[in-house]
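Here the structure comes first, spelled out in structure tokens, and everything after it is commentary.
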Amino acid sequence: MTIVSPHLGTSADWTDARLLYALEEVVEKELNRHLKVAKDWMPHEYVPWSDARNFPGIFEDGEAWEKGQSKVTEIGRIALVVNLLTEDNLPSYHHEIASLFGRDGAWGTWVHRWTAEEGRHGIVMRDYLLASRAVDPDQLEQFRMAHMSEGFESDNRHSMLHSVAYVAFQELATRISHRNTGHQSGDPACDRMLARIATDENLHMVFYRNLLKAAFELAPDLTMQAVRDVVVNFRMPGHGMPGFERAAAQMAIGEVYNLRIHHDDVIQPVLRFLKIMEIDGLGPEGQQAQDELGLYMGGLDAEAAKFDEKLAARKARMAARGAR
């Protein structure tokens, strides 16, 4: 597939300001499409309120939290906390994208709409966790305070194209993490709630993915470099939360999110849709970025294969112990 930009030619011509202006029409089109297909939903309808009861504190009948009170599995509990703490930093995310994309026109309308939709996710997840007693409420609040006090600073805030590329992958990664958490949670109510959230995240991914496709048509070399940088250096937005590394390792073993899932279900689908490895007519820097991206993906697949082997061996050991 050959992409040739009909607009002003060199990479140096494309400042962030010019790209924002050039993509405004695409943003408006994608915003209108999103508003047509997105369905409003009520967070309170997904919460099992009949399971709720008072916690200790100002209520005399408060009942202390115990792990056995919840239907949620251990891996489900770990992943739910990670996913919710990630959603909690929404004020910082809003500040980042509003500062980069602006608050006016189609860009601004999208920024506010996205923020409103993401706000539902934190609302329903916290209400579910507290009503169902899935997690220690004191620890959850302590984690929230610690995580939000650190704020969030995007690795890609220096570049509009890098930011668009990042969220195209990150929204899909978040969708996959929520969906797999629901599958592993052991609670049908939790699974339904996270499936609803995942539907939103998928629509957000489509918005940014289509915007990234338009960016390739405008500035293919710069966009290829941005995708290369984002894929090679990808980190989930919750990486700074308390205990993230240990939780991420447990989620990998629990098959909520690991290298194989990251390669097969997040990075590859976006690359395939955009036909990134089939693009020709690139300049030297764009061609180099494409080649490096291809090499990286091969290495990522190899690393995922090693992880698969280790996970299979671990499952075999656990099965053998259970059979004794």
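For Arg77 and Glu74, the salt-bridge test passes: some basic side-chain N is under 4.0 Å from an acidic carboxylate O. Contact check on Asp40 versus Arg113 returns a salt bridge, with a Lys/Arg side-chain nitrogen under 4.0 Å from an Asp/Glu carboxylate oxygen. A salt bridge does not link Glu25 to Lys29: none of the charged nitrogens lies less than 4.0 Å from a carboxylate oxygen. Under a 4.0 Å N-O distance rule, the pair Glu255/Lys315 qualifies as a salt bridge.
Two rings, from Trp110 and Phe101, have their centers 6.0 Å or more apart. Aromatic rings of Trp114 and Phe207 (six-membered ring for Trp) have centroids beyond the 6.0 Å cut-off, not under it.
The distance from the CD atom of Glu201 to the CZ atom of Arg196 is 10.5 Å, given to the nearest 0.5 Å. Atom CG of Asp200 sits about 9.5 Å away from atom CD of Glu171, to the nearest 0.5 Å. To the nearest 0.5 Å, atoms CG (Leu222) and CD (Glu285) are separated by 8.0 Å. Atom CE in Met277 sits 5.0 Å away from atom CG in Leu293 (nearest 0.5 Å).
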Determine whether Gln287 and Gln290 satisfy the following criterion, side-chain hydrogen bond (donor to acceptor under 3.5 Å, both in side chains), listing intermediate values before the conclusion. CA-CA 5 Å; Gln287 184 63 60; Gln290 187 183 50; 3.2 Å; yes
In sequence, state the C-alpha distance, the side-chain angles, and the governing distance for Gln170 and Thr174, and then conclude on side-chain hydrogen bond (donor to acceptor under 3.5 Å, both in side chains). CA-CA 6 Å; Gln170 179 265 319; Thr174 304; 2.7 Å; yes
Between Asp61 and Arg53, is a salt bridge (Lys or Arg N to Asp or Glu O under 4.0 Å) present by the stated rule, with each step listed? CA-CA 9 Å; Asp61 62 344; Arg53 48 202 184 276; over 6 Å; no
Yes or no on side-chain hydrogen bond (donor to acceptor under 3.5 Å, both in side chains) for Thr181 and Asn83, after CA distance, side-chain angles and deciding distance? CA-CA 9 Å; Thr181 298; Asn83 291 352; 3.2 Å; yes
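Results of the side-chain contact (heavy atoms from CB on, under 4.5 Å) test with His262 over Phe307, Tyr257, Phe169 single out Tyr257 as the only residue that passes. Residue Thr223 is tested with Leu282, Leu218, Leu212, Ile276 for a side-chain contact (heavy atoms from CB on, under 4.5 Å); the sole match is Leu212.
A donor-acceptor contact shorter than 3.5 Å is absent between the side chain of Asp127 and the backbone of Val47.
Using bins of under 30°, 30° to 60° and over 60° for the plane-to-plane angle, the ring pair His34/His204 lands in the tilted bin.
Within 6.0 Å of CD in Gln69 there are more than 12 heavy atoms belonging to other residues, nucleotides or ligands. Heavy atoms from other residues, nucleotides or ligands lying under 6.0 Å from CD of Glu117 number more than 12.
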